[in-house]
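For reference, the structure discussed in these notes is given below.
Model, not experiment: these values are computed from the prediction. Here is the naming used below: chain letters follow the sequence lines, and residue numbers restart at 1 for every chain.
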Number of protein chains: 2
Amino acid sequence: MLPDPFSHLSATACRTIDMQKGDVLFRQSQTTSGLYRVVSGCVTLQRTGLGGDTLTLHRAMSGGFFAEASVFSATYHCDAVCTEAGSVTKIAKANVVATMHSNPAFSEGFTKLLAVQVQQYRAHIELLAIPSAKERILAAVQAGYFDTTVIELATRINLTHEACYRALRGLCDEGLMVRVDRGKYVLS
Amino acid sequence: MLPDPFSHLSATACRTIDMQKGDVLFRQSQTTSGLYRVVSGCVTLQRTGLGGDTLTLHRAMSGGFFAEASVFSATYHCDAVCTEAGSVTKIAKANVVATMHSNPAFSEGFTKLLAVQVQQYRAHIELLAIPSAKERILAAVQAGYFDTTVIELATRINLTHEACYRALRGLCDEGLMVRVDRGKYVLS
DNA sequence: GGAAGCATATGATCCAAATCATAAGTGATC
DNA sequence: GATCACTTATGATTTGGATCATATGCTTCC
């Protein structure tokens with residue numbers, strides 16, 4: 001596992017924020033104020049297209065971070081929306097920068113966090129390049145993408161939910177996957 | 001522009017490597033030895049799928065870096081192939097880690113480099129989510145993706161080159177783009 | 001308990017992009 | 001200057017996923 005670089009931050013640098021489902025922690029183009037860590041619940045980073053369609057860029061669960069890159073950016077590049085009630089700790093931008101200068105261990109940990117994200121994104125782009133819906137879903141399931149609903153899986157891998165249901169059905173028919181329950185499929 | 005974090009590295013930490021088109025600097029699953037900066041020419045990071053199809057994950061031009069994330073990884077996650085003759089400087093992994101500990105300015109610069117990549121990848125994923133070929137191409141051209149061949153543009157944005165040519169033609173017919181020359185299109 | 005909202009699921013139809021095919025233009029190499 | 005390799009370009013056909021439609025199961029909430 002990743003070492004926690006934020007154990008080096010003083011408690012005063014952090015602020016805990018409770019959130020309800022649907023709460024918006026920040027919006028695109030707002031001035032950045034810091035980065036976040038999920039204590040409990042779930043937060044998604046999403047962007048809204050011109051047609052009102054939302055695109056999920058990242059999903060942070062308990063222990064996960066989000067808006068790390070915001071530390072070097074003047075404005076947020078997407079919306080952060082709570083999708084599951086819980087709480088987050090917010091680490092002020094200034095504190096991150098200051099600690100990065102004074103504490104090499106924190107600095108390395110934070111950098112590593114970003115490096116891991118880079119690799120995750122690369123893997124995701126590779127996944128999106130798989131042309132066949134069935135193969136793409138298979139790869140996504142193997143990568144652990146399918147942890148909530150079929151609809152969410154579908155949007156994450158650029159498919160309609162209908163196509164996703166059908167492909168899952170097809171994979172079950174081919175014996176590559178098994179339908180365990182309503183909306184619950186696993187690799188066989 | 002980005003400040004160059006590598007100006008903080010001693011000259012002895014770097015090694016210059018000349019390369020010809022087609023040269024492989026490293027391959028997927030090889031043990032990581034360091035990160036690279038392109039002095040001249042062009043290098044692409046690519047992965048080869050099961051069917052022998054190649055997927056370009058990143059392209060580094062003069063002044064650009066690649067394999068930054070490798071510093072925290074035991075093995076490379078893709079192949080680095082020279083697509084345009086030139087040279088690169090290789091910075092040994094150990095040097096990067098050591099300098100990160102001793103030099104906060106370097107550390108911050110390096111971290112920023114990764115943060116920028118994270119945002120670039122996010123933007124790319126967003127681009128790939130555009131369903132219409134024409135709109136996707138338009139967004140890609142606006143983002144400066146179309147700097148070499150149509151074929152390369154097509155593969156970068158998950159289209160066949162045929163679909164890409166046709167969409168470009170369509171965009172020209174609609175007056176949104178202009179065909180300047182063979183294989184050369186610009187926004188109008 | 002009934003209504004509302006959402007996820008699940010599948011059928012029918014349509015269309016855009018993939019696939020297959022062909023050809024011309026361009027640059028490099030012998 | 002002939003050949004080879006590659007990009008550009010477009011036509012014909014096919015197909016897989018999008019779209020539209022419908023129905024059911026499961027929560028939640030008044």
Side-chain angles (χ1 to χ4, degrees), chain A residues 20-22 42 44 49 51-56 81 83-85 127-141 146-174 177-186, chain B residues 20-22 42 44 49 51-56 81 83-85 127-141 146-174 177-186:
Chain A
Q20 298 302 314
K21 186 172 176 175
C42 185
T44 59
D53 49 315
T54 61
L55 171 69
T56 301
V81 181
T83 52
E84 205 179 297
L127 187 98
L128 294 178
I130 299 171
S132 148
K134 278 192 211 169
E135 284 178 44
R136 188 144 89 232
I137 287 175
L138 216 49
V141 172
F146 190 13
D147 48 3
T148 57
T149 67
V150 176
I151 290 181
E152 207 204 279
L153 170 68
T155 53
R156 275 179 87 179
I157 62 175
N158 292 355
L159 284 177
T160 57
H161 57 95
E162 295 98 324
C164 206
Y165 282 119
R166 266 184 266 269
L168 281 167
R169 172 69 187 269
L171 289 166
C172 289
D173 289 350
E174 289 169 25
M177 293 192 69
V178 178
R179 205 194 96 126
V180 180
D181 195 3
R182 251 179 83 84
K184 182 75 189 164
Y185 300 81
V186 293
Chain B
Q20 298 301 314
K21 188 172 175 176
C42 185
T44 59
D53 50 311
T54 61
L55 172 68
T56 300
V81 181
T83 52
E84 205 179 296
L127 188 101
L128 293 178
I130 300 171
S132 148
K134 278 192 213 170
E135 284 177 44
R136 190 145 87 233
I137 287 175
L138 217 49
V141 172
F146 191 12
D147 49 4
T148 57
T149 67
V150 176
I151 291 181
E152 208 204 279
L153 171 68
T155 54
R156 276 179 88 177
I157 62 175
N158 292 354
L159 283 177
T160 58
H161 57 95
E162 294 98 324
C164 204
Y165 283 119
R166 267 185 265 269
L168 281 167
R169 172 68 187 271
L171 289 166
C172 289
D173 289 350
E174 289 169 26
M177 292 191 71
V178 177
R179 204 195 97 127
V180 179
D181 194 3
R182 252 179 82 85
K184 182 75 188 165
Y185 300 80
V186 293

Measure [atom1]/[X] against [atom2]/[N] and give the value in whole Å, please.
| X | N | atom1 | atom2 | result |
| --- | --- | --- | --- | --- |
| B:Leu159 | D:dG17 | CG | P | 15 Å |
| B:Glu135 | D:dA18 | CD | C1' | 14 Å |
| B:Asn158 | D:dG17 | CG | C1' | 15 Å |
| A:Ile157 | D:dG17 | CD1 | P | 10 Å |
| A:Ile151 | C:dG5 | CD1 | P | 16 Å |
| B:Ile130 | D:dA18 | CD1 | P | 15 Å |
| A:Leu171 | C:dA9 | CG | C1' | 16 Å |

Item checked: A:Val178/A:Cys172 under side chain to side chain contact (heavy atoms under 4.5 Å, CB included): CA gap, chis, key distance, verdict -> CA-CA 5 Å; A:Val178 178; A:Cys172 289; 5.7 Å; no
Next item on the list: Please check if the side chain of A:Asn158 supplies one atom and the backbone of A:Leu128 the other of a donor-acceptor pair under 3.5 Å.
Entry: no
Checklist line | Any donor-acceptor pair under 3.5 Å from A:Arg179 side chain to A:Arg169 backbone | finding: no
Note to self: Determine whether B:Leu159 and B:Arg136 satisfy the following criterion, side chain to side chain contact (heavy atoms under 4.5 Å, CB included), listing intermediate values before the conclusion.
What the structure shows: CA-CA 10 Å; B:Leu159 283 177; B:Arg136 190 145 87 233; 3.3 Å; yes
Is there a side-chain contact between [X] and [Y] (heavy atoms, below 4.5 Å)?
| X | Y | answer |
| --- | --- | --- |
| B:Ile157 | B:Phe146 | no |
| A:Tyr185 | A:Val180 | no |
| A:Lys21 | A:Thr83 | no |
| B:Glu152 | B:His161 | no |
| B:Met177 | B:Val141 | yes |

Next item on the list: Give the nucleotide from the list D:dT8, C:dA18, D:dG17 with an atom nearest to the side chain of B:Thr160.
Entry: C:dA18
Note to self: Counting primed atoms plus P, OP1 and OP2 as sugar-phosphate and everything else as base, spell out the protein contacts along nucleotides 9-16 of chain D at 4.0 Å heavy-atom distance: B, S or - for each nucleotide, 5' to 3'.
What the structure shows: BBBB----
Nucleotide N/O of nucleotides 28-30 of chain D paired with protein N/O under 3.5 Å:
none

